[in-house]
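The structure appears below as structure tokens.
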Amino acid sequence: MRDELLLQTVGLPLAATLVLFWLALALFRTSRPSLLPIASAAVAIAFLLVYLWVLGAPPLPPRASTQKLAYVCLAGLIIGIAVDVLGERLSSRALRLGAVVAIGAVALWLGWPKIRTGQTADLLALAGLWAGGAFAFDRLTTLSTDGDRPLAPGILLLSSCLAVAALGFHFASASVMQLASALAVAIGAYLLWNWLALLLRPALAARFGFGALCGAGGALFALACILAFFTKTAGWALAIMLLVFLAPTVSGNRPAGTGIVARASRPALLFAVSLVPVVVAVAAITLFSTSSGP
Amino acid sequence: MHSQTISALAVATALCVAGLSAQAADTFKVDPDHTNIIFSVNHLGYSDMFGQFNKFEGEFVFDDQDVSKSKVSIVVDTASVDTDHQKRDDHLRSPDFFNASEFPEMTFTSKSIEKTGDNTGKINGELTMLGVTRPISLDVTFNKKAPHPLPQYNGVLVAGFSARGSVKRSDFGMKYGVPNLGDEITFFIEVEGHKK
């Protein structure tokens with residue numbers, strides 16, 4: 001059982017991300033370099049493969065929020081890849097507006113069984129998730145076009161996944177913990193490849209595209225919605241997690257320099273800074289809330 | 001005189017038949033104090049773990065002259081799952097299993113009841129769990145129908161049954177942990193109902 005858990009959570013997302021990323025890189029690097037960001041969508045595909053293994057194929061239409069999660073990821077992946085293909089032909093303003101509407105719709109869809117009861121706490125959770133999701137997406141979109149920090153969106157999503165996994169563990173949802181961990185492994189595999197490539201052979205790197213952003217980001221947002229609506233997860237713990245997305249502002253472009261050490265350290269520093277809110281959130285829930293771990 | 005006697009007998013017979021008919025199909029409200037909805041599921045192949053639901057309500061119509069006219073409906077509060085272990089119960093309420101916050105109710109409604117022996121039968125019905133409805137058959141044993149013997153119950157008519165059945169939880173979308181945590185959930189139901 002432990003071996004199966006490791007294969008599901010680490011082995012499959014790691015292998016699938018690396019293989020799919022490499023295949024996409026081989027496909028687009030010389031023929032269509034403008035489509036290279038699509039390679040990063042490997043992380044979302046790897047997540048879907050893990051989902052299928054852990055929870056099986058979801059029915060259509062889905063009934064439970066954990067089933068809707070798979071469709072949120074799939075829809076995000078498809079829309080994101082379409083954005084990657086269309087590239088600059090899309091207006092940035094329209095994209096952000098569409099994302100805000102989509103984020104609200106996803107939160108509403110996932111939380112509907114609770115929201116329809118009209119309880120204040122659930123309506124507040126909806127508002128918080130919508131605002132938080134829109135804020136996070138805005139930060140990630142801004143960073144994804146920042147040529148100086150190509151790894152930043154992935155790093156922030158990785159830290160967020162670790163936070164959601166920790167909350168899932170603490171608040172009694174093993175499947176949320178496992179899926180968030182698997183997503184963290186997939187994003188980690190992408191980051192490791194690209195961190196090494198940017199240092200050693202930049203031609204083998206591909207920035208974090210919208211396919212990855214919307215697919216993996218959508219899955220992560222859906223997991224956060226499940227925690228907020230259907231478990232005892234403290235809303236303030238999820239709110240602390242949002243501070244992850246301020247990490248690039250705090251870390252800036254430190255350490256300065258163009259040498260290999262400075263270039264290697266910058267993503268590592270950003271990751272360390274982005275982990276601070278995660279550690280704070282985990283410490284706070286450990287101290288101040290009742291554990292009900294699986 | 002003779003015709004009056006016949007008329008009186010006819011009226012008396014009609015009243016008796018009507019009375020018997022009313023007694024034959026009685027509606028009972030489930031008595032939660034003397035009803036148990038217990039389940040078991042295999043734990044990693046080592047043992048079968050037992051749990052129960054503490055909150056539920058329901059009623060049944062029992063026609064002992066023609067059991068096919070009997071009916072059962074019951075609604076279970078999934079958040080009331082109890083395995084005598086707080087952390088495990090929280091986990092069972094989570095989206096991994098009963099997802100009690102999203103699907104607070106599990107319902108069973110009978111569709112047909114057939115007699116299989118002197119005091120046994122089969123209830124074919126539908127179980128709705130996690131928003132999914134699937135057919136389920138319960139083997140049922142009729143135990144007793146009689147006025148309650150204790151004075152504080154004022155002689156209320158009580159009927160008692162035992163039922164057994166099983167479902168595959170994966171059929172309802174509860175797939176987490178399958179097959180390490182058993183796919184089959186076996187129900188052990190002991191019911192007493194008070195005539196309404």
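Every chain is numbered from 1, with letters handed out A, B, ... down the list of sequences.
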Would you name the heavy atoms of [X] and [Y] that are closest together and state the gap between them?
X: N180(B); Y: E4(A); answer: ND2-OE2, 3.7 Å
X: F103(B); Y: R63(A); answer: CZ-O, 3.6 Å
X: V176(A); Y: D96(B); answer: N-OD1, 4.3 Å
X: A174(A); Y: Y176(B); answer: CB-OH, 3.4 Å
X: Q67(A); Y: G173(B); answer: NE2-CA, 4.1 Å
X: S173(A); Y: S94(B); answer: CA-OG, 4.2 Å

- prompt: Do other residues, nucleotides or ligands put more than 12 heavy atoms under 6.0 Å from the NZ atom of K114(A)?
  reply: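 Enclosed.
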message: Applying side-chain contact (heavy atoms from CB on, under 4.5 Å), can you list everything that pairs with S68(B), at least two apart in sequence or on another chain?
response: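 Residues passing side-chain contact (heavy atoms from CB on, under 4.5 Å) with S68(B): D66(B).
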task: Pick whichever of A64(A), S175(A), G56(A) has the most heavy-atom pairs under 4.5 Å with chain B.
output: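 Most heavy-atom pairs within the cutoff with chain B belong to S175(A).
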field: Which portion of V132(B) sits near chain A, non-hydrogen atoms under 4.5 angstrom
entry: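 It is both, since atoms from each part get that close.
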message: Give me each pair satisfying ring pair (Phe, Tyr, Trp, His ring centres under 6.0 Å) with a member in residues 64-86 of chain B, each pair once, sequence neighbours excluded.
response: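 Residue pairs with at least one partner in residues 64-86 of chain B: there are none.
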task: Please name all residues satisfying salt bridge (Lys or Arg N to Asp or Glu O under 4.0 Å) with E190(B), sequence neighbours left out, ordered by chain then number.
output: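 Once residues adjacent in sequence are excluded, the partners of E190(B) under the salt bridge (Lys or Arg N to Asp or Glu O under 4.0 Å) criterion are R164(B).
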field: Residues of residues 115-123 of chain B contacting chain A, heavy-atom criterion under 4.5 Å, by residue number
entry: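 Expected list: none.
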message: Taking the side chain as everything from C-beta on, heavy atoms only, tell me whether P95(B) gets closer than 4.5 Å to T231(A).
response: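 They are in contact (side-chain heavy atoms under 4.5 Å apart), so the answer is yes.
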- request: Calculate, to the nearest 0.5 Å, the distance between atoms OG1 and CG belonging to T66(A) and N99(B) respectively.
  value: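 It is 6.0 Å, given to the nearest 0.5 Å.
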query: Got a donor-acceptor contact below 3.5 angstrom from the E102(B) side chain to the P113(A) backbone?
result: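 The answer is no, because no donor-acceptor pair under 3.5 Å joins these two groups.
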field: Main-chain N/O of A57(A) paired to K175(B) side chain as donor or acceptor, under 3.5 Å
entry: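 Confirmed, K175(B) side chain pairs with A57(A) backbone.
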